[in-house]
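Please read the structure below before turning to the comments.
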Amino acid sequence: MTQTILPPTPGPAVLPPALRGWLGPVAGSAASVVALLGVRYAGEGGPGRADARVGAAVEGVRPPWRSVALLLDSLGEPVGATALVMAVVTGCLLLRRPRAAVFTVAAVGATVGAATLLKHLVGRTIHGENLSYPSGHTAFATSLALTVALLATGRPGQDGHPGQDGHPGRYGFGLAAALVAGAAMGWAQVALGAHYPTDALAGWCTALALVPVTARLVDRTADRRARRRADAGRQPGH
């Protein structure tokens, strides 16, 4: 009897195929919002009309909400952010999902890096000299929350293989929760007076634009490497 040797499985995709068709347009729309707001507020040092209206309703929160805002803010600081990313990466490695670990670092790194670059390109300031557009805290929180949501909804099935793809609506709850988590960080930044509302919106949209793109790139790279290993294993002498 001849035994069939199957090529190594590359692991589950970090961007489930059922989501690729509609997350692409979402990413494009989010990138457009970031660009348009960036052009609108480039070089400015004060709030716009929308900022003034929203900010008046949100800023200056009192306890216990101020304590909530401060806690959320601390999670976006270097120590808190690093601890959160390391916790997710460690979980991925313990579950033997190296692709997911790479995706986590790449998605968060790309989003935070883009937000930092945009701050210097746009040059919008708050409180005098602090670059504010977009909100890095909001970009970080949204990117990490989206990453976790994608990894949770695309986790392997009980047999260790990627779960069955269904309708995109199946992923709705996880993605909605991720977006709410990012919005909560945006609220905290505005409530504490660290950013204008449009800064927070731009940070939120920066993550929406980059996380799906990063996921697709990680999947393509991992699948390509897996095919090369499989082809090498079929070569004579292997």
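Just so it is clear, the structure is predicted and the values come from calculations on it, not from any experiment. Side chains included, hydrogens not; waters and symmetry mates left out as well; all remaining heavy atoms used.
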Note to self: As a quick check of understanding, evaluate side chain to side chain contact (heavy atoms under 4.5 Å, CB included) for Tyr41 and Glu44, giving each step before the final call.
What the structure shows: CA-CA 5 Å; Tyr41 293 108; Glu44 294 196 5; 3.7 Å; yes
Measure the [atom1]-[atom2] distance between [X] and [Y] for me, rounded to the nearest 0.5 Å.
| X | Y | atom1 | atom2 | value |
| --- | --- | --- | --- | --- |
| Leu118 | Leu37 | CG | CG | 11.0 Å |
| Arg99 | Arg97 | CZ | CZ | 9.0 Å |
| Leu150 | Leu23 | CG | CG | 6.5 Å |
| Asp199 | Asp51 | CG | CG | 7.0 Å |

Taking side chain as C-beta onward, heavy atoms only, is [X] less than 4.5 Å from [Y]?
| X | Y | answer |
| --- | --- | --- |
| Val39 | Val122 | no |
| Thr82 | Met86 | yes |
| Val108 | Val85 | yes |
| Leu179 | Trp204 | yes |
| Leu151 | Cys92 | yes |
| Thr147 | Thr214 | no |
| Val54 | Tyr196 | no |
| Leu19 | Pro16 | yes |

Next item on the list: Give the C-alpha distance, both sets of side-chain angles, the deciding distance and a yes or no for side chain to side chain contact (heavy atoms under 4.5 Å, CB included) between Val88 and Phe103.
Entry: CA-CA 11 Å; Val88 175; Phe103 168 53; over 6 Å; no
Applying a strict under-4.5 Å side-chain criterion to I, L, V, M, F, W and Y, I'd like to know whether [X] and [Y] cluster together.
| X | Y | answer |
| --- | --- | --- |
| Leu208 | Trp22 | yes |
| Val89 | Val218 | no |
| Leu75 | Leu144 | yes |
| Val148 | Val112 | yes |
| Trp65 | Met185 | yes |

Next item on the list: Give a yes or no on whether a salt bridge exists between Asp219 and Arg224, defined as a side-chain N under 4.0 angstrom from a carboxylate O.
Entry: no
Of all heavy-atom pairs between [X] and [Y], which one has the smallest distance, and what is that distance?
| X | Y | value |
| --- | --- | --- |
| Pro98 | Leu93 | CA-CD2, 4.3 Å |
| Ala13 | Arg20 | CB-NH2, 3.7 Å |
| Tyr133 | Gly38 | OH-N, 3.1 Å |
| Thr138 | Ala200 | CG2-O, 3.4 Å |
| Gly174 | Ala149 | O-CB, 3.5 Å |
| Gly193 | Ile126 | O-CD1, 3.7 Å |

Between [X] and [Y], does any side-chain donor sit less than 3.5 Å from a side-chain acceptor?
| X | Y | answer |
| --- | --- | --- |
| Arg124 | Thr198 | yes |
| Thr125 | Asn130 | no |
| Asp73 | Gln189 | yes |

Note to self: Under a 3.5 Å distance rule, please check whether Ser67 uses its side chain to pair with a backbone N or O of Pro63 as donor and acceptor.
What the structure shows: no
Notebook entry, point to check: Checking Thr142 side chain against Ala139 main chain: does a donor-acceptor pair fall under 3.5 Å?
Noted result: no
Margin query: If you apply the rule side chain to side chain contact (heavy atoms under 4.5 Å, CB included), what do you find for Arg66 with Leu192, and how did you get there?
Written below: CA-CA 8 Å; Arg66 181 171 177 79; Leu192 295 173; 3.5 Å; yes
Item checked: Verdict with reasoning, Cys205 to Leu201, per side chain to side chain contact (heavy atoms under 4.5 Å, CB included) -> CA-CA 6 Å; Cys205 287; Leu201 174 61; 4.0 Å; yes
